[in-house]
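Take a look at the structure set out below.
FYI, side chains are in, hydrogens and waters are out, and symmetry mates aren't considered; it's all heavy atoms of this structure.
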Amino acid sequence: MTRQELLKRLSDIEWDDFEVKETSRNELPKSIWETVSAFANTAGGWIVLGVAQKGKNFEITGISDPERMEQNLNTVLRSNQKFNQIINPVCKKYNFEGKTVLSFYIPLAEIKPVYYNNIQNTFIRRGSGDQRATQSEFHALFRDQAFGAMSAKTVEGTSEKDLNKESYERYRYYLRTMNKLLPYNELNDNAFNKKLQIVKDGKLTYGGLLMLGKNEAIQDSFSDFRIDYLEIPGTSYSDASTRYTFRIGEHENLWEYYFVLMQRLRLYVDNSFRMGDMGFAYEESPELDALREALVNMLMHTDYFTTQRPRIRVFTNHIEFHNPGALPRSIQELLQEDISQPRNPVIAKLFRCAKLSENAGYGFDKMLIWKKQTHNEVFFETSITTSTVTFMLQPEKSTPKEGGQIGGQIGGQINDQLIDKKAIPNDTRNEFTFTEIQTKILNLIEQNSQISRKSLSELLNINSSAIQKHLENLKKNKIIRRAGSKTRGGRWIILKKNS
């Protein structure tokens, strides 16, 4: 972080990866350990010492003995005396009119959870604050210690007989047709299964089971295995006229789910694309490619060992891919680099051999083609326990081009009368004049999607009722929307930025 970047941040509120702390008597502030734990468990961040927050403003107070303070912090973090993991911070020193400020970058830990003194002192970052991890968040952090390893582990009590014969044969046929030069195509079934880690030591791996296994065998290890897909006639559950108008039923495994879901998602894009029974593309569509990448990304990176389930929800103004399991790095890092670190490498390889996913990275670039093609936003979000990709839709795309049953599963005709016309937003590209306060509200929401009305009121020094009126105006004009709970646990989504 350069001096200019520090100054820019000090002119704003605290970010989710940036926190200032005032020091007294040249001692480290007691709350610093909570922030170290939170940054190490969440996405990394900067701790700045020698700066005090006074209301909405920051005041540089300085540090009298910066060398000693730097040494003290490094000594604690680079030993196992206080924290359960060794942390290697990056330190930078700044001088402001004779006052010294220190900043320490705490990297995201490879092994989590990171806590100090005892396991109860496990913290995560929420918005611009540190919060003690809940039991489910702690368990998610603990599971992430096995990130990338579980899909290759064997499932006791299984064998090749637990593979779904039809799915397996279709998969091999698909590879021979769509990836003719793949060397694995020449292998017999036994060698093929070993090479792709579908089978190991005579047992199915978790990845092989989930991808190509029989449903009853999958249910033995994952008692509620399913991929949820719902079409909802509203911009949220709260304004929907009915809970859903279409839902996909249960299928054998991930390979079968993939084709059923792609058949449905293709109804929401502009193209003359046609997919045959095996999913062969007779005409390419960049929009469909973006949705395909999001679908495969979700299936490859879902934490199947949690009680949550991967879910696709199609609202009247957006499609949301939501899966349990955090990403291994921050969204910013994954967008900037081709980091290939899937949660389920066996499943990832099986999809990539079929040329249904990018060979490197997380496919974010491919997903962002959606914005270029449709002029609608794509949002990426991640937390300790979940990851979400949201594709915004134009109102006319909110109803699929055809309805009815898919793959013989639960379904029904999508009737225009079932769609709440009032719930369909106006074109979000229409002009809207932002007031100064509304611009500030949008900026704060962009920095912290979970910011509360009370926090907005305090930061902008405006009474809560006035804030509520501005929020209602922004929602009415389809500038923002509320996702999830209207109180705790909900978040704001920006539909249109003030350009």
Using the side chain to side chain contact (heavy atoms under 4.5 Å, CB included) rule, take Ile369 and Asp289 through it: C-alpha gap first, then chi angles, then the decisive distance, then the call.
-> CA-CA 9 Å; Ile369 291 175; Asp289 283 347; over 6 Å; no
Nearest-0.5 Å distance that lies between atom CG in Asn179 and atom SG in Cys353 | 7.0 Å
When rounded to the nearest 0.5 angstrom, what distance separates CZ in Arg491 from CD1 in Ile445?
-> 12.5 Å
Applying side-chain hydrogen bond (donor to acceptor under 3.5 Å, both in side chains), name anything that partners Lys203, two or more places apart in sequence or on another chain.
-> Glu156
Decide side chain to side chain contact (heavy atoms under 4.5 Å, CB included) for Asn297 and Val389; before the verdict, give the C-alpha distance in whole Å, the side-chain angles of both, and the deciding distance to 0.1 Å.
-> CA-CA 10 Å; Asn297 187 288; Val389 181; 5.5 Å; no
Is there side-chain contact between Leu175 and Tyr184, with at least one heavy-atom pair below 4.5 Å?
-> no
Check whether any side-chain heavy atom of Leu471 lies under 4.5 Å from a side-chain heavy atom of Leu456, and answer yes or no.
-> yes
Given Arg170 and Glu252, is the salt bridge (charged side-chain N to carboxylate O under 4.0 Å, His left out) satisfied, shown in steps?
-> CA-CA 13 Å; Arg170 279 196 289 266; Glu252 279 288 299; over 6 Å; no
Return the set of residues passing salt bridge (Lys or Arg N to Asp or Glu O under 4.0 Å) with Lys440 (not counting sequence neighbours), or none when no residue passes.
-> Glu436
Name all residues meeting the side chain to side chain contact (heavy atoms under 4.5 Å, CB included) criterion together with Gln131; count only those two or more places apart in sequence or in a different chain, and write none if there are none.
-> Arg126
So, does Asn215 use its side chain to make a donor-acceptor pair with the main chain of His251 at under 3.5 Å?
-> yes
Do Thr388 and His322 have side-chain heavy atoms sitting under 4.5 Å apart?
-> yes
Residues which pass ring-ring contact (aromatic ring centres under 6.0 Å, His included) with Tyr206, listed by chain and number, not counting sequence neighbours | Phe222, Phe305
For Asp228, the salt bridge (Lys or Arg N to Asp or Glu O under 4.0 Å) test, sequence neighbours excluded, returns Arg226, Arg247
Where is the tightest heavy-atom contact between Met211 and Leu350, given as atom of each residue plus distance?
-> CG-CD1, 3.6 Å
Any donor-acceptor pair under 3.5 Å linking the side chain of Asn477 with the backbone of Asn473?
-> yes
Atom pair CZ (Arg309) and CG (Asp303), whose distance is rounded to the nearest 0.5 Å = 9.5 Å
Taking every non-hydrogen atom, the tightest pair across Trp492 and Ile451 | NE1-O, 3.3 Å
When rounded to the nearest 0.5 angstrom, what distance separates CD1 in Ile441 from CG in Leu459?
-> 11.0 Å
State, yes or no, whether a side-chain contact exists between Lys214 and Leu163 at a heavy-atom distance under 4.5 Å.
-> no
Output, in order, the C-alpha distance, side-chain angles, deciding distance and verdict of side chain to side chain contact (heavy atoms under 4.5 Å, CB included) for Met298 and Ile227.
-> CA-CA 10 Å; Met298 182 186 76; Ile227 311 298; 3.9 Å; yes
Which atoms form the tightest heavy-atom contact between Thr316 and Pro233, and what is the distance?
-> CG2-C, 3.8 Å
Can you sort out the partners of Ser452 under side-chain hydrogen bond (donor to acceptor under 3.5 Å, both in side chains), two or more places apart, ordered by chain and number?
-> Ser455
Apply the test side chain to side chain contact (heavy atoms under 4.5 Å, CB included) to residues Phe379 and His318: give CA-CA distance (whole Å), side-chain angles for both, the deciding distance (0.1 Å), then the verdict.
-> CA-CA 10 Å; Phe379 300 101; His318 69 282; over 6 Å; no
Is a salt bridge present between Arg481 and Glu377, judged by a nitrogen-to-oxygen distance below 4.0 Å?
-> no
Indicate the atoms forming the closest heavy-atom contact of Ile347 with Leu299, along with that distance.
-> CG2-O, 4.1 Å
Using side chain to side chain contact (heavy atoms under 4.5 Å, CB included) as the criterion, list what pairs up with Arg176, not counting sequence neighbours.
-> Arg172, Asn185
Between Met262 and Leu356, is any pair of side-chain heavy atoms under 4.5 Å apart?
-> no
Please name the pair of heavy atoms, one in Leu254 and one in Tyr304, separated by the smallest distance, quoted to 0.1 Å.
-> CD1-OH, 3.4 Å
side-chain hydrogen bond (donor to acceptor under 3.5 Å, both in side chains) partners for Gln468, two or more places apart | Arg453, Glu472
Got Tyr268 and Glu287 here, is their nearest side-chain heavy-atom distance under 4.5 Å?
-> no
Give me the ring orientation class for Trp255 and Phe259: parallel if the planes are under 30° apart, tilted from 30 to 60°, perpendicular past 60°.
-> perpendicular
Looking at residues at least two apart in the chain, or sitting in another chain, which of them share a ring-ring contact (aromatic ring centres under 6.0 Å, His included) with Phe321?
-> Phe391
Side chains of Asn376 and Leu393 in contact at under 4.5 Å (non-hydrogen atoms) = no
Fit a plane to each ring of Tyr168 and Phe192, take the angle between them on a 0 to 90° scale, and name the class: parallel (under 30°), tilted (30 to 60°) or perpendicular (over 60°).
-> perpendicular
Please identify each residue that fulfils side chain to side chain contact (heavy atoms under 4.5 Å, CB included) with Gln197, with sequence neighbours left out.
-> Ala152, Lys200, Val346
About how many Å separate CE of Met300 and CG of Asn323, when rounded to the nearest 0.5 Å?
-> 10.5 Å
Which residues share a side-chain hydrogen bond (donor to acceptor under 3.5 Å, both in side chains) with Ser167, sequence neighbours left out | Asn164, Asn253, Glu256
Closest heavy-atom pair and its distance - Arg243, Ile232 | O-CG1, 3.6 Å
Partners meeting side chain to side chain contact (heavy atoms under 4.5 Å, CB included) with Val199 (sequence neighbours left out) = Glu160, Asn193, Leu204
Sub-3.5 Å donor-acceptor pair from the side chain of Ser457 to the main-chain atoms of Ile462, do we have one?
-> yes
Between atom OH of Tyr257 and atom CG of Leu261, what is the distance when rounded to the nearest 0.5 Å?
-> 8.0 Å
Say whether, by atom type as modelled, one donor and one acceptor occur between the side chain of Asn41 and the main chain of Ile124 under 3.5 angstrom.
-> no
Tyr244 versus Glu231: any side-chain heavy-atom pair under 4.5 Å?
-> no
Please indicate whether Glu186 has more than 12 foreign heavy atoms, meaning atoms of other residues, nucleotides or ligands, lying under 6.0 Å from its CD.
-> no
